[in-house]
Amino acid sequence: MIIKPKVRGFVCVTAHPAGCAAHVQEWITHVKSMGPIKNGPRKVLVIGSSTGYGLASRVTAAFGSGAATLGVFFERPSEEGRTATPGWYNTIAFTRAAREAGLYASNINGDAFSDEIKAQALETIRRDLGQVDLVIYSLASPRRTMPKTGAVHKSVLKPVGASYTNKTVDTDKGIVSSVTIEPANEQEIADTVAVMGGEDWELWMNALAGAKLLAPGAESVAYSYIGPEVTWAIYKNGTIGLAKNDLERASRNIDSMLKLAGGGRAFISVNKALVTQASSAIPVVPLYISILYKIMKANGTHEGCIEQMQRLFATHIYAPAGPRFDEAGRVRIDDLEMKPDVQAAVASIWPGVTTESLSALTDIAGYRTEFLKLFGFGLPGIDYDAEVEPHVLML
Ligand code: NAD
């Protein structure tokens, strides 16, 4: 099969296995180039490990610290005439590379919200690893099926309290337009908190602790975003922001539990806005990211998922002095994004962006390049006109 990108709105419905493998290899190369992380993790569970920040965490743990990793994710294999999702190919590429390097890597593909997948993960840890010393929780999901009742909650990306109007960009067509989003109702707020809040993280951590699968001093980290005022109505103060507040609530509970259990800790890392499958679905945010990339690339502070996660591990989680927390107890690796000069530059560019000025004022080209890379397209050294086998078995 010859595989080309097929972009439909904010998703690409094809993925290139060799391109995804090359992308994962770029990340591995970066982590190795940064040198070993001293006293890093040894045995790691990553929930949401196949793309974005979760995959970058897994690559960092394995190739920066020689850790054994168990990855949990929800990806679709190839079917007749259809490629697999990128996370499927990423995971195979990661697993091959890890095993070639002599590292344990095991995978569970299924719904992390379910009791069955939690039980499978616990059993795998008991059998193969004994205990884990780090748990990364990096799920980004549009829905959650409650294991006990079968009820399905769907998350929405909406403002709370009042409607919100701002500019947004169709990243595929390059059209800037005004979008108005009506506020969420109480049910939509509750549903979004159920999906993207902290309850499931707590269920995972309590299950691991109950089964004595957490090593003394075990740590757990989940990811959040705050961002600039221009996105607050749709992010920080919107339904997703309320879910992230609940994640912070869960973080405090898990932190107390881990401290009592053996001097461990849990915390939230606030990460930078980056092109991922999850962020491309949020209105307004891709336009902000396109402007942000332009500014951060120009001043030499741009980072991708892998640079962010390598920095999180090396300079916070496993730093000799430990993580540095903000006033709310969170780690801030969004520090470079949130610098006042960067945000002032975004704010000055924002009003002038139109369809006509999009290419000149923003890094929409860089956004598109990064977006296609998520699906394995545009990687150097890959012949995209060559036949490639889309059907690859999970390892
Ligand atoms: P992503 O879409 O790249 O990755 C999501 C991961 O979750 C994938 O591995 C996917 O397979 C897995 N997943 C989704 N539903 C699942 C399910 N039911 N069961 C098992 N696995 C499931 O997303 P991302 O952008 O890397 O987001 C990860 C976390 O980082 C989220 O909490 C997000 O809010 C946060 N974050 C993202 C950004 C950003 O700009 N992308 C910034 C800061 C924080």
Side-chain angles (χ1 to χ4, degrees), residues 10-11 20 23 45-59 71-76 84-91 94 107-118 120-121 136-147 152-155 157 192 194-198 200-201 203-204 221-227 231 235-236 238-241 243-248 250-251 268-282 284-286 288-289 292-293 303-306 308-309 312 330-334 337-338 367 370-371 373-375 394:
F10 54 78
V11 289
C20 288
H23 194 199
L45 169 63
V46 183
I47 303 158
S49 64
S50 53
T51 56
Y53 277 119
L55 176 62
S57 307
R58 191 177 191 187
V59 168
V72 178
F73 50 86
F74 208 6
E75 300 293 345
R76 186 178 44 70
T85 50
W88 181 271
Y89 296 133
N90 290 341
T91 300
F94 167 84
N107 303 305
I108 297 175
N109 184 33
D111 183 4
F113 295 122
S114 71
D115 288 345
E116 296 75 40
I117 292 298
K118 287 186 178 73
Q120 260 190 52
I136 297 291
Y137 189 83
S138 186
L139 287 190
S141 175
R143 71 184 64 80
R144 174 179 175 202
T145 304
M146 303 304 280
V152 179
H153 298 283
K154 289 187 178 153
S155 66
L157 293 159
T192 308
V195 180
M196 289 299 287
D200 183 63
W201 184 22
L203 290 174
W204 271 99
V221 186
Y223 301 138
S224 186
Y225 182 65
I226 295 177
T231 64
Y235 201 99
K236 176 176 165 290
T239 48
I240 182 73
K244 293 298 185 186
N245 291 348
D246 187 65
L247 198 68
E248 292 194 25
S251 170
I268 301 279
S269 171
V270 182
N271 301 347
K272 180 192 180 193
L274 283 176
V275 185
T276 66
Q277 290 181 73
S279 69
S280 58
I282 308 175
V284 184
V285 167
Y288 166 70
I289 291 179
L292 183 72
Y293 275 26
E303 294 173 302
C305 284
I306 197 64
Q308 282 264 294
M309 292 299 98
L312 172 67
R330 303 166 299 211
V331 162
R332 304 295 299 266
I333 51 167
D334 64 342
E337 169 183 353
M338 297 312 290
Y367 184 99
E370 280 298 301
F371 178 77
K373 262 178 122 174
L374 299 177
F375 301 88
M394 184 51 66

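Computed over heavy atoms, backbone and side chain alike; hydrogens, waters and symmetry mates excluded. Atoms within each ligand, like the ligands themselves, are counted from 1 in listed order. Everything quoted here is computed from the prediction, not taken from an experiment.
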Under 4.0 Å, heavy atoms only, figure out whether ligand 1 is touched by the backbone of Glu75, its side chain, both or neither. side chain
Under 3.5 Å between any N/O of Phe113 and any N/O of ligand 1: does that happen in this structure? no
Which atoms of ligand 1 sit under 4.0 Å from any heavy atom of Thr276? 3 (O), 24 (P), 25 (O), 41 (N)
Identify, for atom 36 (N) of ligand 1, the protein heavy atom at the shortest distance, and state residue, atom and that distance. Tyr53 CD1, 4.0 Å
Who's closest to atom 23 (O) of ligand 1 heavy-atom-wise, of Gly110, Ala278, Ala243? Ala278
Judged by heavy atoms only, the candidate from Gly87, Ser138, Gly71, Ser50 nearest atom 28 (C) of ligand 1 is Ser138
Aromatic rings Tyr137 and Trp201: how do their planes relate, parallel, tilted or perpendicular, breaks at 30° and 60°? parallel
re atom 30 (O) of ligand 1, the protein heavy-atom contact at minimum distance is Tyr223 CB, 3.5 Å
Would you say Lys244 and ligand 1 have an N/O pair spaced under 3.5 Å apart? yes
Below a 4.0 angstrom heavy-atom separation, can you tell me which part of Ala222, side chain or backbone, both or neither, approaches ligand 1? neither
Using the side chain to side chain donor-acceptor pair (under 3.5 Å) criterion, which residues pair with Asp111? Sequence neighbours excluded. none
Any N/O of Phe74 closer than 3.5 Å to an N/O of ligand 1? yes
If you define the side chain from C-beta out and look only at heavy atoms, does anything of Thr276 sit under 4.5 Å from Thr51? no
State whether the shortest distance between N or O atoms of Val72 and N or O atoms of ligand 1 falls below 3.5 angstrom. no
Nearest protein heavy atom with distance in Å, relative to atom 15 (N) of ligand 1: Ser141 CB, 3.4 Å
Looking only at heavy atoms, is any part of Ser224 under 4.0 Å from ligand 1, and if so is it the side chain, the backbone, or both, or is it neither? backbone
Close side-chain approach of Tyr89 and His23, heavy atoms under 4.5 Å: no
Report the nearest protein non-hydrogen atom to atom 5 (C) of ligand 1: residue, atom name, distance rounded to 0.1 Å. Ala140 N, 3.7 Å
Among all protein heavy atoms, pick the one closest to atom 42 (C) of ligand 1 and tell me residue, atom and distance. Lys272 O, 3.2 Å
Do the side chains of Asn109 and Phe74 get nearer than 4.5 Å, heavy atoms only? yes
Would you say Pro147 and Lys118 make side-chain contact, with heavy atoms under 4.5 Å? no
With only distance considered, is Thr51 within less than 3.5 Å of ligand 1 through an N or O on each side? yes
Out of Ile226, Ile333, Val331, which one pairs with Asn271 under the side-chain contact (heavy atoms from CB on, under 4.5 Å) rule? Ile333
I'd like to check Val59 versus Phe94 (side-chain heavy atoms, cut-off strictly below 4.5 Å). Are they in contact? yes
Does the side chain of Gln308 come within less than 4.5 Å of Tyr53's, by heavy atoms? yes
Could you check atom 22 (C) of ligand 1 against the protein and tell me its nearest heavy-atom contact, residue, atom and distance included? Leu139 CD2, 3.4 Å
Distance to 0.1 Å, residue and atom name: give those for the protein heavy atom nearest to atom 40 (O) of ligand 1. Leu274 N, 2.8 Å
Taking C-beta and beyond as the side chain, do Lys244 and Tyr235 meet within less than 4.5 Å on heavy atoms? yes
Considering only protein heavy atoms, which is closest to atom 19 (N) of ligand 1, and at what distance to one decimal place? Ala112 N, 2.8 Å
Using a 3.5 Å distance criterion without hydrogens, assess whether the side chain of Arg144 forms a donor-acceptor pair with backbone atoms of Ala194. yes
